[in-house]
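Step one of this worksheet: look at the structure below.
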There are 2 protein chains.
Amino acid sequence: MAQKETVERILDAAEALFAERGFAETSLRTITSTAGVNLAAVNYHFGSKKALIQAVFERFLEPLVAEIDQRLGVLEQNPESINVESLLKVLSSSIYDVHGRNTNRATAFMRLLGLAYTQSQAHVRNFIADRYGEAFQRYARLLKPALPGATDQELFWHTHFALGTAIFTMSNFDALRAMAVNDTGHRGSVDFIVSNLTSFMAAGLRNASHDVAAAVGHDGT
Amino acid sequence: MAQKETVERILDAAEALFAERGFAETSLRTITSTAGVNLAAVNYHFGSKKALIQAVFERFLEPLVAEIDQRLGVLEQNPESINVESLLKVLSSSIYDVHGRNTNRATAFMRLLGLAYTQSQAHVRNFIADRYGEAFQRYARLLKPALPGATDQELFWHTHFALGTAIFTMSNFDALRAMAVNDTGHRGSVDFIVSNLTSFMAAGLRNASHDVAAAVGHDGT
DNA sequence: GTTCACCGTAAACAATCGTTTGAAACTTAC
DNA sequence: GTAAGTTTCAAACGATTGTTTACGGTGAAC
């Protein structure tokens, strides 16, 4: 029971603590103490703190990307069913299916994804880009014909706008829900929020290109 | 020349370094050394690192919020001119006018705004909420009639979706631009990106409500 | 010329960080 | 039961962190 238990306990604790406070703000000592293992165990099993961070991402991204990839394969067999909404649905459904009803885990991971972008940790971005860049490119290839009329530049920025919308919302999910119940009296079901989020992203992707053309010259310097 | 020079040199260096690496990742020693002042000067003039962080935000939020507030006052005198686009334009124009053509400062400023949300620094969020919460509420009051047909719940979530889009883009501005030049060959001018961002947010705000109604029951549990 | 308040400086402070060490405890295999 | 290999452990390492101290310098007030 030795290794596997220790390694997974470290990963569980690290995942939760990183999501809660960030990478630099979480020390190995708080990780190992909440995991109930010795301090040296992290460097023994993972080698370094950076490697631990990457392992946390790897554990989560591996099954998720596999699920997305498989669903994209299914979608490609019915090309006429490919559109913005169905492509977005692939993502939300994959997250939901891979990590099931464990909403805490899913939101914790989304916060991690957001932190990977925001915290300067370049090695995390490089790791993700190296490891899963191919999957992202496949997704982008399918999205492009679903948004006819958009230039490559527009496609890039609009997809990252949509990505940002999702990451921000998920990474602050609990805080936003608390504010929502305070402001509106309704907490909002997960389905309700995800549906609204998907609609927002789809509307932005679909309509931004048409609206922006008149407002600015496409210099792109 | 003593005090003013030192204080502003510290603020300049801190602003640039915080934007570049984040708060926890920037030590007082690197701040004071790039500012060319003594290490103890930070604690002497500001009291602590937290107070320095707040001072950095205060220095650039103060004129910005004042500019936004003034523009909202102008807008309110022509109520028929109030719509989603004009309200979003108030924000982008204010940033542009306050920090002028100094693109570096503006993007650094954007990253700081994003970091304020993302980095767990609770004291920053509390400071901003206490200081500038009133201005945010005024903006929200003007936005509501600009989005007729949306329920309070939808209004809340969609505005926070838009907020997330902007914050994510801002806080990763340089990284996204680097990816853009890699993927598309174009870096994208600030005007181009801001225009696309505004269009994306406006499209999302306008159209999300209509699209979502059919897709999910408005349970909001 | 002395006082006084303010500012800059070098040095040290205590705390915390990630990492390493060397030996004990354990598991596995023969 | 012994040897080999793996995992755990307490302790320490060197480096870096934010903060404080004690002292030197400056310039205006009177």
Side-chain angles (χ1 to χ4, degrees), chain A residues 1-59 112 115-116 119-124 126-127, chain B residues 1-59 112 115-116 119-124 126-127:
Chain A
M1 71 140 82
Q3 181 185 355
K4 200 185 168 198
E5 273 248 329
T6 299
V7 168
E8 293 214 336
R9 289 238 295 274
I10 292 175
L11 285 174
D12 288 341
E15 183 178 293
L17 288 170
F18 284 152
E20 191 183 325
R21 327 180 179 184
F23 303 115
E25 295 85 351
T26 304
S27 70
L28 293 184
R29 281 169 177 81
T30 69
I31 292 175
T32 53
S33 72
T34 73
V37 303
N38 188 272
L39 166 63
V42 169
N43 283 279
Y44 175 76
H45 287 289
F46 297 95
S48 69
K49 186 181 180 180
K50 285 187 177 181
L52 169 62
I53 295 175
Q54 294 180 4
V56 168
F57 276 96
E58 186 174 16
R59 183 175 69 153
L112 282 181
L115 291 181
Q119 312 246 123
S120 52
Q121 305 274 356
H123 70 99
V124 175
N126 294 338
F127 171 78
Chain B
M1 71 140 80
Q3 178 185 357
K4 199 183 170 199
E5 275 248 331
T6 299
V7 167
E8 293 213 335
R9 290 238 294 275
I10 293 175
L11 285 174
D12 288 342
E15 183 178 290
L17 289 170
F18 284 154
E20 188 183 328
R21 325 180 180 185
F23 304 114
E25 295 83 354
T26 304
S27 70
L28 292 185
R29 279 171 179 80
T30 69
I31 292 174
T32 52
S33 73
T34 73
V37 303
N38 188 271
L39 166 63
V42 170
N43 283 279
Y44 176 77
H45 287 288
F46 297 95
S48 69
K49 185 181 181 180
K50 284 188 178 182
L52 170 62
I53 295 175
Q54 295 179 3
V56 168
F57 277 98
E58 187 175 13
R59 185 174 66 151
L112 279 180
L115 292 180
Q119 309 249 123
S120 50
Q121 305 273 359
H123 69 99
V124 175
N126 293 338
F127 171 77

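Protein chains get the first letters and strands the later ones, always in sequence-line order, with residue 1 at the start of each. Predicted model, so just to flag it, every value in this text is computed and none were measured.
- With a 4.5 Å cut-off on side-chain heavy atoms, B:Ile31 and B:Phe18 count as touching.
- The phosphate of C:dG8 has OP1 or OP2 within less than 4.0 Å of a side-chain N or O from B:Thr6.
- A:Phe46 is not listed as a side-chain neighbour of A:Gln54, based on a closest heavy-atom distance of 4.5 Å or more.
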- For nucleotides 18-25 of chain C, read 5' to 3', which letter fits each nucleotide if B means a protein heavy atom sits under 4.0 Å from the base, S means only the sugar-phosphate is that close, and - means neither? BBBB----

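- Taking CZ of A:Phe23 as the start and NZ of A:Lys49 as the end, the distance is 9.5 Å to the nearest 0.5 Å.
- Rounded to whole angstrom, the span from the CZ atom of B:Phe46 across to the P atom of D:dT20 amounts to 16 Å.
- The structure places CD1 of B:Ile10 at 11.5 Å from CD of B:Glu5, a figure rounded to the nearest 0.5 Å.
- Neither OP1 nor OP2 of C:dC6 sits under 4.0 Å from any side-chain N or O of B:His45.
- Atom CD1 in B:Ile53 sits roughly 14 Å away from atom C1' in D:dT17 (whole-Å rounding).
- With sequence neighbours excluded, the residues forming a salt bridge (charged side-chain N to carboxylate O under 4.0 Å, His left out) with A:Arg59 are A:Asp12, A:Glu15, listed by chain and number.
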- Task: Check the pair B:Leu11, B:Leu52 against side-chain contact (heavy atoms from CB on, under 4.5 Å), reporting the backbone distance first and the verdict last.
- Result: CA-CA 8 Å; B:Leu11 285 174; B:Leu52 170 62; 4.0 Å; yes

